[in-house]
Amino acid sequence: MPELPEVQEVRRTLEPHLLHIPITAIRILRRDFITPRNAPLINLVGQCITRTHRHGKKLFLIADDRQTLHLHLGMTGHVDCVPAKTPIAKHTHLILELATGTHIRFHDPRRFGGIWYYPTLEEALAAQTQNLGPDALALTPQNLAHWQTARGRLKQRLLAQRDVAGLGNIYVDEALWQAQLHPQQLVGRLTPVRIKTLIAAIRQILRRSLALGGTTLRDYRNASSQPGQFAQQLHAYGRAQLPCHRCQSPLHSAQIAARTTVFCPTCQKRH
DNA sequence: TTAGGCCTGCAC
DNA sequence: GTGCAGGCCTAA
(Lines give C-alpha, C1' and ligand atoms only; values in the text may rest on other atoms or scores of the structure.)
Protein backbone atom coordinates (compact mmCIF):
# COMPACT_ATOMS: atom_id res chain seq x y z
CA MET A 1 0.00 0.00 0.00
CA PRO A 2 1.62 3.21 -1.12
CA GLU A 3 2.82 5.41 1.73
CA LEU A 4 5.51 8.08 1.53
CA PRO A 5 8.45 5.90 0.43
CA GLU A 6 6.40 4.15 -2.23
CA VAL A 7 5.02 7.41 -3.64
CA GLN A 8 8.53 8.87 -3.69
CA GLU A 9 9.78 5.77 -5.49
CA VAL A 10 7.01 6.06 -8.08
CA ARG A 11 8.03 9.68 -8.56
CA ARG A 12 11.71 8.81 -8.94
CA THR A 13 11.11 6.04 -11.46
CA LEU A 14 8.46 8.00 -13.36
CA GLU A 15 10.43 11.20 -13.94
CA PRO A 16 12.97 9.94 -16.51
CA HIS A 17 10.15 8.60 -18.70
CA LEU A 18 7.94 11.65 -18.37
CA LEU A 19 9.69 14.98 -17.85
CA HIS A 20 10.01 17.38 -20.79
CA ILE A 21 8.44 14.97 -23.27
CA PRO A 22 5.42 16.26 -25.19
CA ILE A 23 2.10 14.61 -24.43
CA THR A 24 0.63 13.50 -27.76
CA ALA A 25 -2.69 12.14 -26.56
CA ILE A 26 -4.68 11.43 -23.43
CA ARG A 27 -7.05 8.53 -23.12
CA ILE A 28 -9.60 8.50 -20.35
CA LEU A 29 -10.87 5.00 -19.80
CA ARG A 30 -12.80 5.81 -16.68
CA ARG A 31 -14.10 9.33 -16.40
CA ASP A 32 -15.22 8.99 -12.79
CA PHE A 33 -11.62 8.40 -11.72
CA ILE A 34 -10.90 12.05 -12.59
CA THR A 35 -12.05 15.05 -10.57
CA PRO A 36 -13.69 17.16 -11.81
CA ARG A 37 -15.28 14.78 -14.26
CA ASN A 38 -15.29 17.40 -16.97
CA ALA A 39 -11.60 18.28 -16.44
CA PRO A 40 -10.23 19.71 -19.70
CA LEU A 41 -7.40 17.21 -19.99
CA ILE A 42 -7.31 17.89 -23.73
CA ASN A 43 -5.47 21.09 -22.82
CA LEU A 44 -2.49 19.00 -21.75
CA VAL A 45 -1.99 17.60 -25.24
CA GLY A 46 1.06 19.23 -26.81
CA GLN A 47 2.42 20.22 -23.40
CA CYS A 48 5.12 18.61 -21.27
CA ILE A 49 5.21 17.69 -17.62
CA THR A 50 8.15 19.83 -16.55
CA ARG A 51 8.37 18.93 -12.90
CA THR A 52 6.81 16.87 -10.14
CA HIS A 53 6.15 17.52 -6.51
CA ARG A 54 5.33 15.26 -3.59
CA HIS A 55 3.81 16.08 -0.22
CA GLY A 56 3.16 13.11 2.03
CA LYS A 57 1.43 10.50 -0.11
CA LYS A 58 0.29 13.04 -2.70
CA LEU A 59 2.04 13.30 -6.04
CA PHE A 60 1.71 16.27 -8.39
CA LEU A 61 2.60 16.37 -12.09
CA ILE A 62 3.03 19.94 -13.27
CA ALA A 63 2.84 21.01 -16.92
CA ASP A 64 4.82 24.14 -17.81
CA ASP A 65 4.30 25.50 -14.28
CA ARG A 66 0.55 25.70 -14.83
CA GLN A 67 -1.82 22.81 -15.24
CA THR A 68 -1.37 20.23 -12.51
CA LEU A 69 -2.48 16.66 -12.09
CA HIS A 70 -2.66 15.41 -8.53
CA LEU A 71 -2.35 11.65 -8.19
CA HIS A 72 -3.42 9.75 -5.15
CA LEU A 73 -2.59 6.06 -5.22
CA GLY A 74 -4.92 4.99 -2.41
CA MET A 75 -4.43 1.33 -1.58
CA THR A 76 -3.82 -0.24 -4.95
CA GLY A 77 -2.91 2.62 -7.30
CA HIS A 78 -0.10 2.02 -9.78
CA VAL A 79 1.65 4.12 -12.37
CA ASP A 80 3.22 2.17 -15.23
CA CYS A 81 5.60 3.42 -17.91
CA VAL A 82 5.32 1.02 -20.82
CA PRO A 83 5.76 0.91 -24.60
CA ALA A 84 2.61 1.83 -26.52
CA LYS A 85 2.13 -1.71 -27.81
CA THR A 86 1.84 -3.20 -24.31
CA PRO A 87 -1.66 -4.63 -23.82
CA ILE A 88 -3.80 -2.44 -21.59
CA ALA A 89 -4.17 -4.00 -18.18
CA LYS A 90 -7.52 -4.35 -16.47
CA HIS A 91 -8.42 -1.36 -14.26
CA THR A 92 -6.39 1.12 -16.30
CA HIS A 93 -8.21 4.44 -15.90
CA LEU A 94 -6.05 7.06 -17.63
CA ILE A 95 -3.25 6.97 -20.18
CA LEU A 96 -0.84 9.75 -21.11
CA GLU A 97 0.69 9.02 -24.50
CA LEU A 98 4.11 10.60 -24.98
CA ALA A 99 6.07 11.62 -28.06
CA THR A 100 8.68 8.95 -27.23
CA GLY A 101 6.06 6.25 -27.71
CA THR A 102 5.90 5.60 -24.00
CA HIS A 103 2.56 5.29 -22.27
CA ILE A 104 2.11 6.49 -18.71
CA ARG A 105 -0.79 4.41 -17.40
CA PHE A 106 -2.70 4.83 -14.18
CA HIS A 107 -4.30 1.72 -12.72
CA ASP A 108 -6.25 1.27 -9.56
CA PRO A 109 -8.33 -1.89 -9.17
CA ARG A 110 -10.05 -0.78 -5.97
CA ARG A 111 -10.32 2.86 -6.97
CA PHE A 112 -9.51 4.14 -3.48
CA GLY A 113 -7.16 6.51 -5.27
CA GLY A 114 -7.92 9.12 -7.85
CA ILE A 115 -6.67 11.86 -10.15
CA TRP A 116 -7.47 15.55 -9.70
CA TYR A 117 -7.00 18.27 -12.30
CA TYR A 118 -6.22 21.91 -11.48
CA PRO A 119 -5.52 24.80 -13.86
CA THR A 120 -2.55 25.89 -11.73
CA LEU A 121 -0.17 24.42 -9.18
CA GLU A 122 -1.28 27.04 -6.67
CA GLU A 123 -4.86 25.84 -6.85
CA ALA A 124 -3.71 22.23 -6.57
CA LEU A 125 -1.66 22.94 -3.45
CA ALA A 126 -4.38 25.08 -1.89
CA ALA A 127 -6.94 22.32 -2.34
CA GLN A 128 -4.74 19.33 -1.55
CA THR A 129 -2.37 20.48 1.18
CA GLN A 130 -4.78 22.67 3.17
CA ASN A 131 -5.21 20.19 6.01
CA LEU A 132 -1.97 18.32 5.51
CA GLY A 133 0.81 18.40 8.07
CA PRO A 134 4.47 18.78 7.13
CA ASP A 135 5.99 16.05 5.03
CA ALA A 136 7.16 13.22 7.29
CA LEU A 137 10.74 13.49 6.01
CA ALA A 138 10.88 17.15 7.06
CA LEU A 139 9.18 16.75 10.43
CA THR A 140 10.69 18.75 13.32
CA PRO A 141 9.88 18.94 17.05
CA GLN A 142 8.47 22.43 16.45
CA ASN A 143 5.87 20.89 14.13
CA LEU A 144 4.59 18.80 17.04
CA ALA A 145 4.85 21.46 19.75
CA HIS A 146 1.05 21.72 19.82
CA TRP A 147 0.86 18.10 21.00
CA GLN A 148 1.57 19.37 24.49
CA THR A 149 -2.05 20.52 24.72
CA ALA A 150 -3.54 18.15 22.14
CA ARG A 151 -5.94 15.27 22.61
CA GLY A 152 -5.74 11.89 21.00
CA ARG A 153 -3.44 8.93 20.83
CA LEU A 154 -0.31 8.33 18.79
CA LYS A 155 -1.67 5.83 16.32
CA GLN A 156 -4.68 7.87 15.25
CA ARG A 157 -2.81 11.19 15.18
CA LEU A 158 0.01 9.78 13.06
CA LEU A 159 -2.43 8.21 10.62
CA ALA A 160 -4.60 11.31 10.26
CA GLN A 161 -2.14 13.26 8.05
CA ARG A 162 -2.88 16.55 9.84
CA ASP A 163 0.15 16.53 12.16
CA VAL A 164 2.46 14.77 9.74
CA ALA A 165 1.85 13.70 6.15
CA GLY A 166 2.96 10.49 4.52
CA LEU A 167 2.62 7.74 7.11
CA GLY A 168 0.15 4.88 6.72
CA ASN A 169 -0.50 1.80 8.77
CA ILE A 170 2.81 0.08 8.02
CA TYR A 171 5.17 2.94 8.82
CA VAL A 172 3.23 4.12 11.86
CA ASP A 173 3.56 0.67 13.41
CA GLU A 174 7.22 0.48 12.44
CA ALA A 175 8.04 3.94 13.79
CA LEU A 176 6.26 3.27 17.08
CA TRP A 177 8.08 -0.04 17.47
CA GLN A 178 11.41 1.65 16.72
CA ALA A 179 10.71 4.49 19.17
CA GLN A 180 9.37 2.06 21.80
CA LEU A 181 6.12 3.98 22.11
CA HIS A 182 2.69 2.47 22.67
CA PRO A 183 0.13 3.13 19.90
CA GLN A 184 -2.43 4.21 22.54
CA GLN A 185 -0.03 6.68 24.15
CA LEU A 186 -1.76 10.03 24.71
CA VAL A 187 0.12 12.59 22.65
CA GLY A 188 -0.39 15.23 25.34
CA ARG A 189 1.64 13.18 27.81
CA LEU A 190 4.72 12.78 25.61
CA THR A 191 7.89 14.41 26.88
CA PRO A 192 9.98 16.50 24.46
CA VAL A 193 12.63 13.80 24.55
CA ARG A 194 10.15 11.11 23.51
CA ILE A 195 8.85 13.32 20.71
CA LYS A 196 12.39 13.73 19.45
CA THR A 197 12.84 9.98 19.60
CA LEU A 198 9.63 9.47 17.66
CA ILE A 199 10.65 11.94 14.96
CA ALA A 200 14.06 10.33 14.64
CA ALA A 201 12.39 6.92 14.32
CA ILE A 202 10.00 8.16 11.63
CA ARG A 203 12.82 9.63 9.58
CA GLN A 204 15.03 6.58 9.99
CA ILE A 205 12.31 4.12 8.98
CA LEU A 206 11.33 6.15 5.94
CA ARG A 207 14.94 6.61 4.81
CA ARG A 208 15.71 2.93 5.18
CA SER A 209 12.59 2.03 3.23
CA LEU A 210 13.42 4.55 0.52
CA ALA A 211 16.87 3.03 0.19
CA LEU A 212 15.25 -0.36 -0.49
CA GLY A 213 12.61 0.95 -2.87
CA GLY A 214 9.70 0.82 -0.42
CA THR A 215 7.54 -1.97 0.94
CA THR A 216 5.85 -4.51 -1.34
CA LEU A 217 3.42 -6.78 0.48
CA ARG A 218 1.66 -7.91 -2.65
CA ASP A 219 0.60 -5.21 -5.09
CA TYR A 220 2.97 -2.31 -4.88
CA ARG A 221 5.31 -1.72 -7.83
CA ASN A 222 7.20 1.43 -8.83
CA ALA A 223 6.73 3.07 -12.23
CA SER A 224 9.23 0.58 -13.68
CA SER A 225 7.20 -2.37 -12.35
CA GLN A 226 9.80 -3.24 -9.71
CA PRO A 227 8.73 -4.25 -6.19
CA GLY A 228 10.32 -2.74 -3.07
CA GLN A 229 12.45 -4.76 -0.67
CA PHE A 230 11.59 -3.21 2.69
CA ALA A 231 8.96 -5.84 3.61
CA GLN A 232 11.79 -8.13 4.69
CA GLN A 233 12.94 -5.48 7.20
CA LEU A 234 9.64 -5.02 9.05
CA HIS A 235 9.73 -5.42 12.81
CA ALA A 236 6.05 -4.91 13.68
CA TYR A 237 3.64 -4.78 10.75
CA GLY A 238 2.33 -8.23 9.85
CA ARG A 239 4.24 -9.93 12.70
CA ALA A 240 1.42 -10.52 15.21
CA GLN A 241 2.26 -13.38 17.63
CA LEU A 242 5.84 -13.55 16.35
CA PRO A 243 8.69 -12.77 18.75
CA CYS A 244 9.72 -9.14 19.11
CA HIS A 245 13.07 -8.63 17.43
CA ARG A 246 14.19 -6.65 20.50
CA CYS A 247 12.91 -8.59 23.54
CA GLN A 248 11.50 -11.85 22.09
CA SER A 249 8.02 -11.34 23.64
CA PRO A 250 5.20 -12.23 21.27
CA LEU A 251 3.89 -9.14 19.46
CA HIS A 252 0.26 -8.18 20.06
CA SER A 253 -2.31 -7.30 17.47
CA ALA A 254 -5.27 -5.01 18.19
CA GLN A 255 -7.75 -2.81 16.36
CA ILE A 256 -6.69 0.75 17.12
CA ALA A 257 -8.09 3.71 15.21
CA ALA A 258 -9.91 1.12 13.08
CA ARG A 259 -6.63 -0.30 11.87
CA THR A 260 -4.93 -3.56 12.64
CA THR A 261 -2.07 -2.50 14.87
CA VAL A 262 0.89 -4.67 15.84
CA PHE A 263 3.13 -3.72 18.74
CA CYS A 264 5.28 -5.18 21.48
CA PRO A 265 3.45 -5.03 24.83
CA THR A 266 6.74 -5.46 26.65
CA CYS A 267 8.94 -2.80 25.13
CA GLN A 268 6.32 -0.34 23.89
CA LYS A 269 5.01 1.09 27.15
CA ARG A 270 2.51 3.88 27.81
CA HIS A 271 3.75 6.83 29.80
C1' DT B 1 -14.88 9.08 18.73
C1' DT B 2 -16.41 5.43 16.07
C1' DA B 3 -18.73 2.99 12.36
C1' DG B 4 -19.79 2.47 7.71
C1' DG B 5 -18.96 2.84 2.84
C1' DC B 6 -16.24 2.75 -1.09
C1' DC B 7 -13.94 -1.25 -4.08
C1' DT B 8 -11.43 -5.67 -5.84
C1' DG B 9 -8.63 -9.66 -5.20
C1' DC B 10 -7.09 -13.15 -2.60
C1' DA B 11 -6.80 -16.70 1.29
C1' DC B 12 -9.50 -19.85 3.45
C1' DG C 1 -19.20 -17.83 0.10
C1' DT C 2 -17.05 -15.12 3.65
C1' DG C 3 -13.85 -12.15 5.55
C1' DC C 4 -10.06 -9.41 5.37
C1' DA C 5 -6.77 -5.89 3.54
C1' DG C 6 -7.02 -0.20 4.69
C1' DG C 7 -6.74 5.29 2.86
C1' DC C 8 -9.92 8.54 3.36
C1' DC C 9 -14.30 10.62 3.62
C1' DT C 10 -18.94 11.12 5.60
C1' DA C 11 -22.29 10.58 9.03
C1' DA C 12 -24.19 9.30 13.46
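What separates CZ of A:R239 from C1' of C:dA5 is a distance of 19 Å, to the nearest Å. Nucleotide B:dC10 holds its C1' atom 13 Å from the CE atom of A:M75, rounded to whole Å. Rounded to an integer number of Å, the gap from CD1 of A:I256 to P of B:dT1 is 14 Å. Counting to the nearest Å, the C1' atom of C:dG7 and the CD atom of A:E6 are 13 Å from each other. Spacing between atom NE2 of A:H91 and atom C1' of B:dC6 amounts to 15 Å, rounded to whole angstrom units. The interatomic distance linking A:R259 (CZ) with B:dG4 (C1') rounds to 12 Å, in whole Å. Separating the CG atom of A:L71 from the P atom of C:dG7 is a distance of 18 Å, rounded to the nearest angstrom. Atom pair A:Y171:OH and C:dG7:C1' shows a separation of 15 Å (rounding to whole Å applied).
Of the candidate nucleotides C:dG7, B:dT1, B:dC10, B:dT1 has the atom nearest to the side chain of A:Q156. The A:Y237 side chain lies nearest to C:dA5 when the options are C:dA5, C:dG7, B:dT8. Checking C:dG7, C:dA5, B:dT8 against every side-chain atom of A:K57, the shortest atom distance belongs to C:dG7. Checking B:dT8, C:dC8, B:dG9 against every side-chain atom of A:K90, the shortest atom distance belongs to B:dG9. For A:R110, counting side-chain heavy atoms from C-beta on, the closest listed nucleotide (B:dC7, B:dC10, C:dG7) is B:dC7. Side-chain atoms of A:H72 lie closest to C:dC8 of the nucleotides C:dA5, C:dC8, B:dT8.
Under the 4.5 Å side-chain contact rule for hydrophobic residues, A:V172 and A:L73 do not share a cluster. Cluster membership check: A:I95 does not share its hydrophobic cluster with A:I42, using side-chain heavy-atom separations under 4.5 Å among Ile, Leu, Val, Met, Phe, Trp and Tyr. A:I104 and A:L41 end up in the same hydrophobic cluster when Ile, Leu, Val, Met, Phe, Trp and Tyr side chains are linked at under 4.5 Å.
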Intra- and inter-strand pairs of DNA chain B in dot-bracket (Watson-Crick or G-U wobble, both distances under 3.5 Å; | for another strand): ||||||.|||||

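A:R153 contributes no side-chain N or O that, together with a main-chain N or O of A:R157, makes up a donor-acceptor pair within less than 3.5 Å.
For the pair A:R246 and A:W177, the cation sits on the ring face: its NZ or CZ lies under 6.0 Å from the ring centre, inside 45° of the axis.
One finds a side-chain N or O of A:T260 lying less than 4.0 angstrom from the OP1 or OP2 phosphate oxygen of C:dA5.
For A:H91 and A:H107, the ring centers are positioned 6.0 Å apart or more.
Residue-to-nucleotide proximity on DNA chain B shows that, of A:R111 and A:A258, the 5′-proximal contact is made by A:A258.
Taking a 6.0 Å sphere around CZ of A:R162, one finds it holds 12 or fewer heavy atoms contributed by other residues, nucleotides or ligands.
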